[in-house]
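In what follows, chains are A, B, ... by sequence order, proteins preceding strands, each numbered from 1. Because the structure is predicted, anything quoted here is derived from the model rather than measured.
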Amino acid sequence: MTSIQAQLNHRFTQGFQAAFGPEVAIPQPLIVPASNPKFGDYQCNAALPLAKPLQQKPRDIAQTLLAHVQLGEMCEEPELAGPGFINLRLKPDYLAAQLAAKQGDRRLGVAETKEPQRVIVDFSSPNIAKEMHVGHLRSTIIGDCLARILEFRGHEVVRLNHVGDWGTQFGMLITYLKEAYPEALTTADALDLGDLVALYKQAKQRFDQDEAFQQASREAVVALQAGDEESRKAWQLLCDQSRREFQVIYDLLDIEVTERGESFYNPLLPDVLKTLETAGILQEDQGAQCVFLEGFSNKEGQPLPLIVQKSDGGFNYATTDLAALHYRIHQDEGDRIIYVTDAGQANHFTQVFQVARRAGILTDNVEVVHVPFGLVQGEDGKKLKTRSGETVRLRDLLDEAVRRTREDLDQRLAAEGRTETEAFKQEVAQTIGLSAVKYADLSQNRTSNYIFSYDKMLSLQGNTSPYLLYAYVRIQGIQRKAAGGALAVMPEDLPPVSGIRWRALAVTALLTVVAFVFMDASIRIHHELHTIPLLAEVMRLVGFGYGLWFASRYLLFPSGRRDLRGMVAGWWDECFGPVDALAALPPSPSMASLHLDTEPELVLAKHLLQLEDVLAEVEQELFPNRLCQYLFELSQKFNQFFEQCPVLKAAEPVRSSRLALCQLTADTLKLGLSLLGIRVLDRI
RNA sequence: GGGGCUGUGGCUCAGUAGGAUAGAGCAAGCGCCUCCUAAGCGCUAGGUCGCCGGUUCAAAUCCGGCCAGUCCCGCCA
């Protein structure tokens with residue numbers, strides 16, 4: 001299904017060409033949502049910028065354009081307003097038909113992209129031997145959300161956790177581990193590194209105080225890089241411990257990410273230098289290997305270097321990033337590579353991308369994009385700290401959100417005299433608490449700093465997750481009562497979405513058998529034909545040619561390999577069904593016909609139909625707050641509808657129509673929230 | 001000194017590729033539960049879009065300059 005905006009756009013484009021011919025450039029965007037509801041639903045402002053090139057009055061241009069546009073069943077008679085705006089109002093019947101098409105569709109009519117890409121999302125990226133703290137919150141939440149949306153749009157997403165598991169700090173840690181807990185290195189599980197942060201702090205203290213320790217640390221780095229057995233074991237120990245701790249957080253937040261740390265690229269670093277040298281951009285300066293940057297200068301106005309190898313032979317993180325970029329383009333075959341890191345690294349990325357481009361690692365057919373985000377600040381506007389002035393552990397932060405939600409819930413239940421099971425209360429508190437943290441982060445424009453406030457994110461009114469979850473719960477309440485009337489049976493939540501498609505399998509099997517029969521036949525025929533001179537050679541040539549064609553089409557180039565993978569994956573989906581947890585929606589219980597008579601119904605219906613446009617936009621611009629805004633407005637519009645339009649008490653056929661509208665709203669909320677990484681509740 | 005990001009009602013923020021009277025939410029004031037969860041809805045008040053200039057029929061949006069905040073600027077990541 002194509003979105004309404006896209007359909008209007010299509011019709012206006014055709015009308016435009018009919019009116020003014022192909023040589024007049026069409027102003028973009030041609031169709032935009034109306035700036036004010038009183039102007040209708042959509043508007044076309046194309047007449048205004050054309051006044052000059054066409055030497056005509058904008059209103060006349062608009063008239064001419066309208067005379068050539070076929071709007072037929074979609075819109076009411078278009079209005080010409082002001083200096084030359086064209087206002088469009090959609091017909092209720094058309095809206096109803098469009099909505100009806102979404103009923104029971106697990107993707108709610110949102111088409112998959114026509115140009116699927118392999119997208120690499122680099123996010124979260126905590127450091128080994130340090131605990132995850134607020135600093136990792138935004139990358140983790142935003143990265144996961146973008147990955148979910150891109151996956152839903154039909155892209156092949158690789159979620160990479162570029163953990164800091166390599167670098168100079170390990171020298172310090174290993175040296176300290178050897179010094180303080182030597183038994184940990186010789187005996188398995190001799191030491192439970194329960195508190196890695198404490199270990200890190202102690203090591204840092206030793207490092208700052210003791211020069212001999214500093215020296216030993218530097219040597220330990222070299223030993224580790226050289227593959228020294230003992231150092232490697234210490235390193236492994238630290239990594240395993242950290243990994244376990246990270247996983248606790250990821251499980252809690254329902255986040256999937258594949259670890260591929262900095263150490264992974266270690267063997268590839270010398271190749272990066274070779275590549276830079278071959279490209280002729282590598283220079284030595286004060287013993288370090290550098291690439292001098294274009295457009296970056298230091299205080300004296302000299303070109304700034306990007307150091308790729310230190311004077312002591314060690315590599316920098318820029319080198320690792322270049323190696324990673326190379327790997328992601330040439331091995332992973334990524335088309336779009338997204339880095340979700342704080343805004344402070346903007347310089348670093350433009351520098352790395354520039355060097356990669358000049359070295360030929362990065363080519364024009366690959367899109368690299370830094371998705372920056374601002375700091376998490378406390379309510380005092382400063383960097384978020386605990387009362388004692390330490391960085392806030394992510395675990396504590398999440399626990400606190402859940403704890404506060406629970407407290408509030410208990411009070412509310414007591415006030416209403418309700419009794420609920422412990423399991424219910426826990427689930428509600430956990431879902432609301434964690435969703436509030438996620439939503440608060442995602443609903444803000446990520447480029448600016450954001451002020452972390454439990455009171456605001458857990459507030460029940462305003463643009464918060466509790467508000468959205470409540471709107472969903474209200475609908476579930478209606479559905480339960482409706483089902484109680486034995487009219488419609490609500491399906492149990494989320495049946496498993498994958499299953500073997502016997503029919504598709506049978507077709508495949510049949511085709512295989514047919515292929516074998518044909519092969520057998522052709523061999524027999526071939527046998528007979530052998531008597532004809534030259535024919536065998538010709539056939540061989542044909543076979544050889546096909547082999548060549550196949551290799552060049554499907555094996556030689558990344559795009560071909562992707563097509564091949566796509567074909568295989570397509571077949572697999574056909575037979576075994578998509579494991580599409582995101583879009584796992586229960587089918588609508590009824591396929592009621594919709595009647596949109598009142599204003600709140602129309603407003604809600606129009607909003608429901610904008611989902612696809614919003615998702616397409618987030619896919620491009622990578623701003624999750626747009627989706628949040630959409631869902632918030634949807635909840636508001638539903639609440640207005642709920643207030644003004646009785647559902648269960650309405651007479652048929654209005655009742656069924658409104659129930660269907662409720663169902664579509666619930667499905668949209670559920671899908672939208674799932675793309676933010678938030679689960680819904682049926683009852684609060 | 002150079003560069004990045006930010007600056008919109010008391011507070012937190014939207015504002016999509018310039019378009020009609022700049023939108024929400026919180027906080028404030030007033031009102032609405034015999035009716036599907038009031039964790040809701042309605043109404044009121046509050047803005048020289050940091051400042052100055054330019055481009056344009058039209059600028060919060062584009063360009064230039066300035067001011068403020070913040071981050072980065074040779075061997076940390």
Q. With both distances under 3.5 Å as the test, what is the Watson-Crick or G-U wobble partner of B:C43?
A. B:G29

Q: On RNA chain B, check which nucleotide each of A:Gly164 and A:Ile307 is closest to and give me the residue with the more 5' one.
A: A:Ile307

Q. Can you tell me if A:Ser125 and A:His136 form a side-chain donor-acceptor pair at under 3.5 Å?
A. no

Q. Base of B:C11 relative to its sugar, syn (within 90° of 0) or anti?
A. anti

Q) What integer distance in Å separates A:Glu379:CD from B:C26:C1'? A) 12 Å

Q | A:Arg138 to A:Tyr450, cation-pi by 6.0 Å centre distance and 45° axis angle | A | no

Q: Please determine if a side-chain N or O atom of A:Arg655 lies less than 4.0 Å away from the OP1 or OP2 oxygen of B:C36.
A: no

Q.
Whole angstroms only, please: what is the NZ-P distance between A:Lys57 and B:C57?
A. 17 Å

Q) Any side-chain N or O of A:Gln444 less than 4.0 Å from the OP1 or OP2 oxygen of B:C13? A) yes

Q | Pair assignment for B:A17, Watson-Crick or G-U wobble, requiring both distances under 3.5 Å | A | none

(Q) Using whole Å, what does the distance between atom C1' of nucleotide B:C36 and atom CD of A:Gln663 come to? (A) 15 Å

Q.
Please name the nucleotide paired to B:C5 by Watson-Crick or G-U wobble geometry with both distances under 3.5 Å, or report none.
A. B:G69

Q. Using a heavy-atom distance cut-off of less than 4.0 Å, which residues of residues 41-56 of chain A contact RNA chain B?
A. A:Gln43, A:Leu48, A:Pro49, A:Lys52

Q: For B:U55 and B:U70, measure between their P atoms and round to the nearest Å.
A: 35 Å

(Q) Rounded to whole Å, please give me the gap between CZ in A:Phe632 and P in B:C26. (A) 7 Å

Q) Using atom C1' of each nucleotide, how far apart are B:G64 and B:G19 to the nearest Å? A) 24 Å

Q. If you measure from the C1' atom in B:G47 to the same atom in B:A39, how many Å do you get, rounded?
A. 31 Å

**Q.** B:C5 OP1/OP2 closer than 4.0 Å to side-chain N/O of A:Arg446
**A.** no

Q) Heavy atoms under 4.0 Å, any strand shown: does A:Phe39 hit a base, just sugar-phosphate, or nothing? A) base

Q) Would you call the rings of A:Phe638 and A:Phe641 parallel, tilted or perpendicular if under 30° counts as parallel and over 60° as perpendicular? A) tilted

(Q) So, OP1 or OP2 of B:U16: does either fall under 4.0 Å of a side-chain N or O from A:Tyr630? (A) no

Please tabulate, for side-chain N and O atoms in residues 47-61 of chain A, each donor-acceptor pair with protein atoms closer than 3.5 Å (sequence neighbours left out).
residue: A:Gln55; atom: NE2; partner: A:Lys52; partner atom: O; Å: 3.3
residue: A:Arg59; atom: NH1; partner: A:Gly82; partner atom: O; Å: 2.6

(Q) Does B:A24 have OP1 or OP2 under 4.0 Å away from a side-chain N or O of A:Asn463? (A) no

Q: Please figure out whether A:Leu375 or A:Ala471 has its closest RNA chain B nucleotide nearer the 5' end.
A: A:Ala471

(Q) Taking only the P atom of each, what is the distance from B:A45 to B:A24 in whole angstrom? (A) 13 Å

Q.
When the C1' atoms of B:G53 and B:C67 are compared, how many Å lie between them, rounded to an integer?
A. 15 Å

Q.
I want to check one thing: is the phosphate of B:C5, taken as OP1 and OP2, less than 4.0 Å away from some side-chain N or O of A:Thr447?
A. no

Q: Could you state the atom-to-atom distance from CD of A:Gln309 to P of B:C76 in whole Å?
A: 13 Å

**Q.** Contact under 4.0 Å: A:Gln345 side-chain N or O vs B:C5 OP1/OP2
**A.** no

Q: Searching all strands shown, indicate the nucleotide that pairs with B:A38 (Watson-Crick or G-U wobble; both distances under 3.5 Å).
A: none

Q: Please report, rounded to the nearest Å, how far the P atom of B:A24 is from the OH atom of A:Tyr467.
A: 13 Å

Q: Could you check which nucleotide pairs with B:U56 in any of the strands shown, counting Watson-Crick or G-U wobble with both distances under 3.5 Å?
A: none

Q. Can A:Phe85 be classed as stacking with the base of B:A20, given a centroid separation cut-off of 5.5 Å and a plane angle cut-off of 30°?
A. yes

(Q) Please report the distance separating the P of B:C11 from the corresponding atom of B:G50, rounded so that it comes out in whole Å. (A) 14 Å

Q) Side-chain N or O of A:Lys310 less than 4.0 angstrom from OP1 or OP2 on B:C76? A) yes

Q: In whole angstrom, give me the gap between the P atoms of B:U56 and B:A68.
A: 32 Å

Q: Compare side-chain N and O positions of A:Gln640 against OP1 and OP2 of B:G42 and report whether any pair is under 4.0 Å apart.
A: yes

